[in-house]
Amino acid sequence: MTTTELATRVMTVPEAARGRRRRGAAIGHERSLLRGIGLVLLWAFVVLNIAWMVWMVIQAFRDTRSILSDPWGLPTSLDPVNFVTAWTVGDFAIATANSVATTLVSSLLTVAIAAPAAYYLARVENRMTNSLTVYFVLGLGIPAQVIVIPLFVMLNEVYLTDSLVGLNLVYVGVSMPFTVFLLIAFFRSLPLELEEAAALDGLTAFGTFWRITLPLAKGGILTAFVLQVISHWNETLLALTLLQSTEKYTLPVALISFIQQQTYSGADWGGLFAGLCIVVIPMLVIYLWLGRRLTEGLTLGMGK
Amino acid sequence: MTQTEIRTPPRSPVAGPAAESVVRPGGNAVDRGRKRLFVPFVGPAFLLYTVLFVGPALYAVWISFNKWAGAGPMEFVGFGNYVRLFSDKLFIQSFLNTLLLLFVVGIAIFVIAFGLTLVLRDMAGKKIARSVIFFPHLVNAMIFGVLAGFIFNPAGLVNTMLGGLGVEDPPAWLSQDNLFPLIMVMMTWITTGYFTTILMAGVDRIPPYYYEDCALAGANAFQRLRYVILPLTWDVFGTCAVLWTISSVKIFEIVWVFGGSTGQGMPPTQTWTTAVYTYVTAFSGESVPAYGAATASAVLSLALVSVLVLLLRRVMKREAVEF
């Protein structure tokens, strides 16, 4: 199916038969009108998906008036004035700090707490662990808006609303289903032989987990961590509800408040685009760095 | 994602030796050692998840049976909130919008994603194309809501482009009635890549000799699709449908900011989804918060998810094709 496969195939077929073979073989490229249209549409879609980002970055370097007069224009200088405005006037500086701290802390805690649980549920099989697994996975189906009001009320009781500690706790709790589910699938895919050997050599059960399984599972745990980083970085509804004061805002909330200020003070498109860049570019960097791993993590067990 | 997938991850021959060699009660030394880890290993995750997720979900069901302004006493009203919701035009509108997103956008996504998968299957540069179209899934949907305001504003990208093509009188894209269709288009755009990737993972697993068989049997492209590709990716379709059902009901951010600064702090009611309805009813700060009605709306969307997921599992259930 791949091109290499095709290449080897073509090479083994005698010169004369090649043309016929290529047209006939179902694994070759078919040239039909429908497929041609599909290809054009697909590449148009790909271009669209790159264009919006390029365009967003370009506009972040222009001022509002020139953006409005010619949305297709290019910046005249690389002066990061919009970023400075967003950073200082739009409270994006503190929001970025909050977002970075919250994202890292909550993702680390999520993985640190979910990994042992997933390990246990993957390795010990009895009726209780099976129902616990179901219990964790059921959470995947509960939309965030169901828990947002009770969480607000409960956290208010213990003075954890408008607090990043509270938000971190909530993120850890809410991320349990997905992380546990992902890591169970991952631990199950690891070989058991090494652990048995370690146990025979006298390592305790905890030692086996800590010194044998964890190092083996580094890749999967990193994937789980980065997936949490992405989802916590982008999370909006819970942060919007639980945080009230500007100095606690995370980036999505700061962005919303920036947009709402503009309703009164007139639109600052340049600053807004700079804000969008601050939200999007870290995700792009992570994706360029770990892309394949993430796609696999997000489709693991789902393609099965 | 429900129980379906718990069973689906490949169970390596894990349980094998350890589980079969149970002779003494309580298992062998390794098993007993492991079982002692139960509380320290599963305890924290269980506790946090129960207190911060399952607890609030159950509490939400209880709140939805009460009339409550957030402070002061609760007044038990039974199904009163639910009855009230269905006589509230705003809620009906929000609920219909959620259904539109779920079904219309859902079907559009699947048709396009499946089409793209067929094109991508044996195309040059498929890795790059796949990676690029997946990326919007990692971006806060809010970004696309803000961008839409710019793309479609009166002097924005689309209108200048149409102007160049000679269209003198473009439609008022961002008028309140046109916003929701635009949201649907944007959602289709940003979600299609994700589902294409999942479907691709399914299609890639089909071993090439099936296609060779097709070629030998003289099957045309359509027959190959009908008798090989579809049956072998059926379960992946099921999973995707469940995933979309769950995520479509949560759609909030993109609606909240769609079109940039269009509203006075909240989006026009024509675009509301149940998630927006819940948020506004509880936290808008413009009227007395009605926590009961707000949670009732959220609980209804949970019910919608549960019913659809159960139905999907029943409909999509087929003899799994082993290959």
Side-chain angles (χ1 to χ4, degrees), chain A residues 1 25-27 38-39 42 45-46 49-50 68 71 113-114 116-117 120 124-125 133-134 137 139-147 149-151 170 172-174 176 185 188-189 192 199 204-205 230 234 236-237 252 256 259-260 262-263 267 276 279-280 283 287 291 295 299 301-304, chain B residues 1 3 5-6 8-9 11-12 14-15 30 33-34 37 41-42 44-45 48-49 52-53 56-57 59-60 116 119 122 129 131-135 138-140 143 155-157 197-198 201-202 208 211 214-215 236 239 246 249-250 252-253 257 261 265 275 278 282 291 294-295 298 301-302 305:
Chain A
M1 206 159 46
I27 54 172
L39 268 174
L42 174 77
F45 190 50
V46 171
N49 274 307
I50 297 176
L68 284 181
I113 292 171
Y120 189 91
V124 179
E125 295 223 21
T133 309
V134 175
V137 171
L140 288 171
I142 301 179
Q145 69 259 35
V146 173
I147 57 168
I149 293 167
L151 269 179
V170 169
V172 174
V174 170
M176 277 305 140
R188 279 198 182 134
S189 72
L192 191 66
T204 59
I230 292 170
N234 291 328
T236 310
L237 179 62
I256 290 179
I259 294 169
Q260 281 173 354
Q262 296 187 347
T263 318
L276 297 186
V279 179
V280 173
M283 295 298 100
Y287 188 55
T295 343
T299 52
M302 290 160 202
K304 262 277 165 190
Chain B
M1 281 173 281
Q3 295 109 306
E5 285 87 23
I6 319 166
T8 44
R11 241 165 236 230
S12 55
V14 161
V30 181
R34 256 196 210 124
L37 292 177
F41 269 37
V42 185
L48 270 169
Y49 172 58
L52 290 164
F53 201 154
Y59 190 24
L116 289 184
V119 177
D122 49 3
S131 314
V132 170
I133 62 175
F134 181 79
F135 181 66
L138 305 180
V139 175
N140 193 332
I143 307 290
L157 286 182
T197 316
I198 301 181
Y211 300 121
C214 283
V236 186
T239 314
I246 293 171
V249 170
K250 296 188 214 176
F252 171 82
E253 300 97 305
V257 299
S261 37
T278 301
Y291 281 17
T295 32
S301 36
L302 175 59
V305 171

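Residue numbers begin at 1 in each chain, while the letters A, B, ... track the order of the sequences.
- Residues Ile142(A) and Leu302(B) approach most closely at CA-CD1, 4.0 Å, considering heavy atoms.
- For Thr204(A), no part lies under 4.5 angstrom from a heavy atom of chain B.
- With rounding to the nearest 0.5 Å, the separation of CG in Asn49(A) from CZ in Phe135(B) is 9.5 Å.
- With values rounded to the nearest 0.5 angstrom, Ile143(B) atom CD1 is found 4.5 Å from Leu276(A) atom CG.
- For chain A, the nearby parts of Val249(B) are the backbone and the side chain; heavy atoms of each come within less than 4.5 Å.
- Among Ile133(B), Thr278(B), Leu48(B), the residue making the largest number of heavy-atom pairs under 4.5 Å with chain A is Ile133(B).
- For the atom pair Thr295(B) OG1 and Ile147(A) CD1, the distance stands at 13.0 Å (nearest 0.5 Å).
- Only the side chain of Val279(A) comes within less than 4.5 Å of a heavy atom in chain B; its backbone stays farther off.
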Give the intermediate values and the outcome of side chain to side chain contact (heavy atoms under 4.5 Å, CB included) for residues Met283(A) and Asn140(B).
CA-CA 10 Å; Met283(A) 295 298 100; Asn140(B) 193 332; over 6 Å; no
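- Atom CE of Met176(A) is separated from atom CZ of Phe53(B) by 11.5 Å, given to the nearest 0.5 angstrom.
- Contacts of Tyr49(B) with chain A are made by both backbone and side-chain atoms, with heavy-atom separations under 4.5 Å.
- Considering all non-hydrogen atoms of both residues, Gln145(A) and Lys250(B) come closest at OE1-CA, 3.8 Å.
- Side-chain contact between Glu253(B) and Pro252(A) is absent, with no heavy atoms from C-beta onward closer than 4.5 Å.
- Chain A forms more heavy-atom pairs under 4.5 Å with one residue of Ala294(B), Ala298(B), Ala57(B) than with any other, namely Ala298(B).
- Interatomic distance, Ile149(A) CD1 to Tyr59(B) OH, rounded to the nearest 0.5 Å: 11.0 Å.
- Checking Val174(A), Leu151(A), Val172(A) one by one against Leu52(B), the side chain to side chain contact (heavy atoms under 4.5 Å, CB included) holds for a single residue, Leu151(A).
- Contact record, Gly141(A) with Val305(B): O-CG1, 3.7 Å, taken as the closest heavy-atom pair.
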